[in-house]
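Notes follow once the structure below has been shown.
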Amino acid sequence: MSTTTVRVPAKVNLCLGVGPMRADGYHPLATVYQAVDLHDEVRATARDDGAILVAVHTDNRSELALVPEDDDNLAVRAARVLRDHAGVSAGVDLAIRKVIPVAGGMAGGSANAAAALVACNDAWGTGLTRAELEPLATTLGSDVPFLLHGGNAVGGGRGEMISPVLARGSYHWVFAIAAEGLSTTAVYAEFDRINAGHDVPDPVVPDALLAALRAGDAEALGLALSNDLTEAALSLRPELEETLDIGIEAGALGATLSGSGPTAMFLASGEQHSLDISFALSSAAACADVVQSRGPVSGARII
Ligand code: C5P
């Protein structure tokens, strides 16, 4: 039976502009994604009997309880979407090795969906191109198209409309991982609650951020990091404020939350600076783990 393994990165949002809720319940976004060196792996082994099954492996037992091992798993949904689209009768065993924090604002579930599309496309021999996989990715979640793509990209629409961005440089990140994840839906609902009765402007990507990326200027990028979901996430998790403050006091070039949180992200000037920030963050009460990482990296790839 044909087996394919795909490695897929996490994402951060260098900026996350959020507009007023649309009629379909989603929010218009103006974001710049960066794929970072924190990877899950999805292995797809084709089956004759048509069943689509998933097993999730992680060293973190409390996270395991949060990842469904049934048809609600996004990787299973991705396999179904591809099978229906391509008219395949085979099934698949999906084995997911999780490193990306679950419900951490780093698109771990979306990453698994992107990886499953690429892995099943190969294991079943359906032969779709990346461009042909993209519309399927869009139906699975707002971040899934970016995770096929990787690198840096501007995200518009509800995040699913990816366009290239001129970018230079490789960046050192430190991530403060919280013990307990946050529901993306709950953070957007809190955003709506906080902004009820206010005029929420249409979101834009700040020029300063695009200029920093074009120049490969880490200091300028640090100053330009922004996230419109911060207030909502901090309202649900006030203790994250201390985590952000500790990283800033440790000299981070910039600090914000990743996506809807609760992962906090800190930009460092190099390896030693990353170590210094990591060491300082280990004293933060809301920080269960600290991870050093680099970005950008490529999207879902067969290994
Ligand atoms: O697209 P995805 O399924 O990953 O989104 C998860 C949830 O996050 C949505 O159900 C919605 O509540 C919220 N969301 C949103 N606006 C976006 C993206 C996500 O309101 N642009």
Side-chain angles (χ1 to χ4, degrees), residues 8-35 40 42 66-68 70-82 96 98 100-117 133-150 153-163 181-196 198 200-205 226-237 256-263 299-300:
V8 65
K11 64 84 187 162
V12 292
N13 303 84
L14 302 177
C15 62
L16 181 57
V18 181
M21 189 166 76
R22 311 190 307 202
D24 65 0
Y26 283 92
H27 295 73
L29 302 184
T31 187
V32 176
Y33 292 108
Q34 182 169 101
D40 280 358
V42 176
L66 298 173
V67 185
D70 56 22
D71 287 359
D72 286 340
N73 187 292
L74 262 187
V76 172
R77 284 173 44 198
R80 281 193 192 287
V81 163
L82 175 62
I96 303 177
K98 288 216 67 71
I100 304 171
V102 174
M106 301 189 81
S110 300
N112 297 161
L117 282 179
L133 288 176
E134 234 176 77
L136 305 187
T138 297
T139 67
L140 293 161
S142 311
D143 300 328
V144 184
F146 172 69
L147 292 158
L148 285 177
H149 186 276
V154 172
R158 64 177 224 273
E160 88 286 14
M161 289 165 63
I162 298 301
S163 47
L182 259 179
S183 147
T184 304
T185 308
V187 175
Y188 275 102
E190 183 66 2
F191 175 88
D192 293 336
R193 194 191 65 77
I194 291 169
N195 288 294
H198 298 273
V200 179
D202 287 335
V204 286
V205 170
S226 65
N227 184 341
D228 284 354
L229 293 178
T230 304
E231 192 184 352
L234 289 180
S235 161
L236 298 176
R237 286 288 166 78
T256 190
L257 297 179
S258 176
S260 53
T263 303

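Indexing begins at 1, ligand by ligand and atom by atom, following the structure's order.
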* Asked: Any side-chain heavy atom of Leu236 within less than 4.5 Å of one from Leu182?
  -> yes
* Asked: Any side-chain heavy atom of Val12 within less than 4.5 Å of one from Tyr33?
  -> no
Does an N or O from [X], backbone or side chain, lie closer than 3.5 Å to an N or O of ligand 1?
X      : result
His27  : yes
Thr184 : no
Arg158 : yes

* Heavy-atom distance to atom 12 (O) of ligand 1: which of Asp192, Thr185, Val187 wins? -> Thr185
* Asked: Which atoms of ligand 1 have any heavy atom of Ser142 under 4.0 Å away?
  -> 1 (O), 2 (P), 4 (O), 18 (C)
* Asked: Relative to the heavy atoms of Gly141, which atoms of ligand 1 are at a distance of less than 4.0 Å?
  -> 1 (O)
* Asked: Does ligand 1 have any atom sitting under 4.0 Å from a heavy atom of Gly25?
  -> yes
* **Contact with ligand 1 for Leu29, non-hydrogen, under 4.0 angstrom** => yes
* **Donor-acceptor contact below 3.5 Å, side chain Thr31 vs main chain Cys15** => yes
* **Residue among Leu140, Leu82, Asn112 satisfying side chain to side chain contact (heavy atoms under 4.5 Å, CB included) with Arg77** => Leu140
* Asked: Among protein heavy atoms, which sits nearest to atom 9 (C) of ligand 1, and what does the distance come to when rounded to 0.1 Å?
  -> Tyr26 CE2, 3.8 Å
* **Side-chain donor-acceptor contact under 3.5 Å, Thr263 with Ser258** => no
* Asked: Would you say the side chains of Ser142 and Glu160 form a donor-acceptor pair under 3.5 Å?
  -> no
* Structure fact -> At under 4.0 Å between heavy atoms, what of Tyr188 touches ligand 1? The answer is side chain
* Quick one: side-chain hydrogen bond (donor to acceptor under 3.5 Å, both in side chains) partners of Thr139, sequence neighbours excluded? -> none
